[in-house]
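A quick note: this is a predicted structure, and the numbers were derived from the prediction, not measured. Every chain is numbered from 1, with letters handed out A, B, ... down the list of sequences.
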Number of protein chains: 2
Amino acid sequence: MPEKRKITLKDIARELNISVSTASRALKEHPDIADETIRIVKAYAKEHHYVPNVLAVNFRKNRTYNIGLIVPELVHHFFSTVISGAIDTAKKHGYNVLVSQSNDILDDEITACRTMLASSVDGLLISISNETFEGEHIKEFLAEGKPVIQFDKITDELETPKVTVDDFEGAYQAVKHLIGQGYSKIAHIRGRKEVKNANERAEGYHKALEDHGLEYSSDWVKVCNMINEEEGYQFARELMESPNPPDAIFCITDLVALGVLKYLKEAGFRVPDQVGVMGFSNWKLAEIVNPTLSSIDQHGYEMGVNAAKMLIHNINNPEKREEENLMLKTNLIIRESSNRKKFQN
Amino acid sequence: MPEKRKITLKDIARELNISVSTASRALKEHPDIADETIRIVKAYAKEHHYVPNVLAVNFRKNRTYNIGLIVPELVHHFFSTVISGAIDTAKKHGYNVLVSQSNDILDDEITACRTMLASSVDGLLISISNETFEGEHIKEFLAEGKPVIQFDKITDELETPKVTVDDFEGAYQAVKHLIGQGYSKIAHIRGRKEVKNANERAEGYHKALEDHGLEYSSDWVKVCNMINEEEGYQFARELMESPNPPDAIFCITDLVALGVLKYLKEAGFRVPDQVGVMGFSNWKLAEIVNPTLSSIDQHGYEMGVNAAKMLIHNINNPEKREEENLMLKTNLIIRESSNRKKFQN
DNA sequence: CTGTTAGCGCTTTCAC
DNA sequence: GTGAAAGCGCTAACAG
């Protein structure tokens, strides 16, 4: 393995009997420099595999071309989709992405932010943890003039552009669809009240019931804490064993719906005939379960793409930064679990 | 938002009437420096929120405390598990992780490597694409003295430590289990012949048949190209419609097994009574499908942890680098799809 | 114990 | 067109 010492501008300058500054400018095709000089320098650089020392350039320019990306969980279909979109986009613009996860723990998120700030990313993409409200650690970025974009799980406490999915509308469409399928006693297993998405979805649910003049009962709304399969199972049992059981359950997320389906199957309820089930997020699992699960697609990849685009725009244009929020449309995916009337939508 | 200009060592030195080097050393509690000086400097630094300029430090030390991580696919349960382990470990050691994906396309992998090399990561963790054989782009890291660790999908063309799972043994155990369940005509839907893992698994399959004196037929071995659900479906059909159909199918991965299950269900075969099915990788979906899928757990998180540990060790100890490979044990997970005798193992 | 000095590799005025 | 020189912020060898 030939330990090739890297050559520097100085080496080029010395060998070619020019100054370092001329060499530097020649490589950038600076208009001042004679074409001939440019040619010669470039040729020499190429021949000797000159590669600028990025560390030096970054230092000089006070830029790293790295952006930070923090999500609650990495092993998560939706978030990995977002990350994928963000990385692909960043790459296209010459940026690398530093990825970290908070595990939905505030302290971990703070640590992750600090490390990223310390390692001098040029900007930050973040989907906050369930425990984040003030977000002082995120304000540190803004204080240093580094742009931040929030996505998916956001807080209005922070004045940054946000990329979200239209949770309200998604939930509304989901419930409207259930109503269209003839369900009339629709329950909702929702997320924590401190979490914005959860509230939006709950409101969409409400509005849909209201607009269609359907019965609403607070007994039919269950609040998840962990948002996992077990909770779905438990709440489904509570709902179905109650004196006034619902005939459809709209879940905050597919994982919860999975638990619901499991309970319904065990308890002998027929899905979708007796009980309709809707998830949210359209994970891979929705296609795999039996019966397949109707859900709302959140276009994670596009979310990643758009968030990264906005961030990079704001990094590159400190003067006219994009301040607008972006709300992506959702997509209703009808599968077996809610398709009682058996026709394709 | 107070635009706080960052203070530098120079500022501290000037204000405290000491030299920059003294300030620098005091902050590091250099033994040469008087306790009193250290106290004063630290106090001042703290009061004025001194933060060292990482870009300058990196430049000086020629280190970034960033490591690169390249996988074929990000939206992939196994790989995201590995990434999660690697990131958590890196964080613990003060490193950040730059993540990128190759989409199993050689050119993308080369680009990803180049960008990472250019952005001066201190080392690289990589699981190569299906199209990578020589890996010249990876050798560029080694040529610059930057350590590389390969994991999961590896090639022996590159002289780097490797962290893998014992594919041979995993496959052997899987097939042995099938045999123990009374299956005797066991087919294998395998991966490409150029891919090492695929070969290891195929050999484990062979060896298990051989050791138990079971019939082997090349008709029972199908070679996947895309390794997806559709191929599983198609090959299952081919196998079951052939003159001498198998009574069990061992699949290169859970996704393929999913297609197999789907075909078997449609064609009316009872699983596991008539036909046993084994996957590999133990994705989330294995617990979700119906019947649940027996599989081999590859301990992705541990793989990430170990690979990151090795890399960081090798970055920090250029003199005595770890050269050994690490092969993690797999775990047989028995679920419904192969559990014909209905007892727990 | 502390200061002086040199320098990492590059960019960018400012001269000529 | 080109060069000289300064400096980004920090570290470390050397000197005292």
Completion exercise
Note: for B:Asp32 and A:Asp35 on DNA chain D, the residue whose nearest nucleotide lies more 5' is A:Asp35
Problem - CG (A:Asp35) with more than 12 external heavy atoms under 6.0 Å - result: no
Exercise for the section: Go through residues 50-66 of chain A and report each residue with a non-hydrogen atom lying under 4.0 Å from DNA chain D, sorted by number. Expected result: A:Phe59, A:Arg60
Practice task
Would you mind reading off the distance between A:Leu16 atom CG and D:dT2 atom P, rounded to a whole angstrom?
Solution key: 11 Å
Practice task
Measure the shortest side-chain to side-chain distance between A:Phe141 and A:Met116 over non-hydrogen atoms and say whether it is less than 4.5 angstrom.
Solution key: yes
Exercise for the section: Tell me, yes or no, whether the heavy-atom count around B:Glu159 atom CD, taken from other residues, nucleotides or ligands under 6.0 Å, exceeds 12. Expected result: no
Practice task
Would you check if the side chain of A:Ser127 reaches a backbone N or O of A:Lys153 as a donor-acceptor pair within less than 3.5 Å?
Solution key: yes
Exercise for the section: Let me know the distance between NZ of A:Lys10 and P of D:dA6, rounded to the nearest Å. Expected result: 15 Å
Exercise for the section: Verify the distance criterion only: is there a donor paired with an acceptor across the side chains of A:Asp88 and B:Gln101 at less than 3.5 Å? Expected result: yes
Handout entry: Geometric class of the A:Phe151/A:Phe79 ring pair [parallel <30°, tilted 30-60°, perpendicular >60°]
Key = perpendicular
Practice task
Round to a whole Å and report the spacing from CD1 of B:Ile40 to P of C:dC1.
Solution key: 14 Å
Practice task
Would you check if there is a donor-acceptor pair between the side chains of B:Thr64 and B:Asp122 at a distance under 3.5 Å?
Solution key: yes
Problem - Distance in angstrom units between B:Ile33 CD1 and D:dA12 P, rounded - result: 13 Å
Problem - Protein-nucleotide distance (A:Leu9, atom CG; D:dT2, atom P), rounded to Å - result: 16 Å
Completion exercise
Here the distance between atom P of D:dA4 and atom CD1 of A:Ile18, to the nearest Å, is 11 Å
Exercise for the section: Could you state the atom-to-atom distance from NE2 of B:His30 to P of D:dT11 in whole Å? Expected result: 12 Å
Exercise for the section: Scan residues 19-29 of chain A against DNA chain C and write down, sorted by residue number, each residue with any heavy atom closer than 4.0 Å; if none is found, say none. Expected result: A:Val20, A:Ser21, A:Ser24, A:Arg25, A:Lys28
Handout entry: Candidate nucleotides C:dG9, C:dC1, D:dT2, ranked by approach to the side chain of B:Ala34 - the nearest
Key = C:dC1
Problem - Reported CD-to-CD1 distance for the pair A:Gln150 and A:Ile128, which is rounded to 0.5 angstrom - result: 6.0 Å
Practice task
Send over the distance from B:Ile7 CD1 to D:dC8 P, rounded to a whole Å.
Solution key: 15 Å
Exercise for the section: Just jot down the side-chain hydrogen bond (donor to acceptor under 3.5 Å, both in side chains) partners of A:Lys42, sequence neighbours excluded, or say none. Expected result: A:Glu29
Practice task
For A:Asn17, report the nucleic acid contact type (base, sugar-phosphate, nothing); a contact means any heavy atom under 4.0 Å.
Solution key: sugar-phosphate
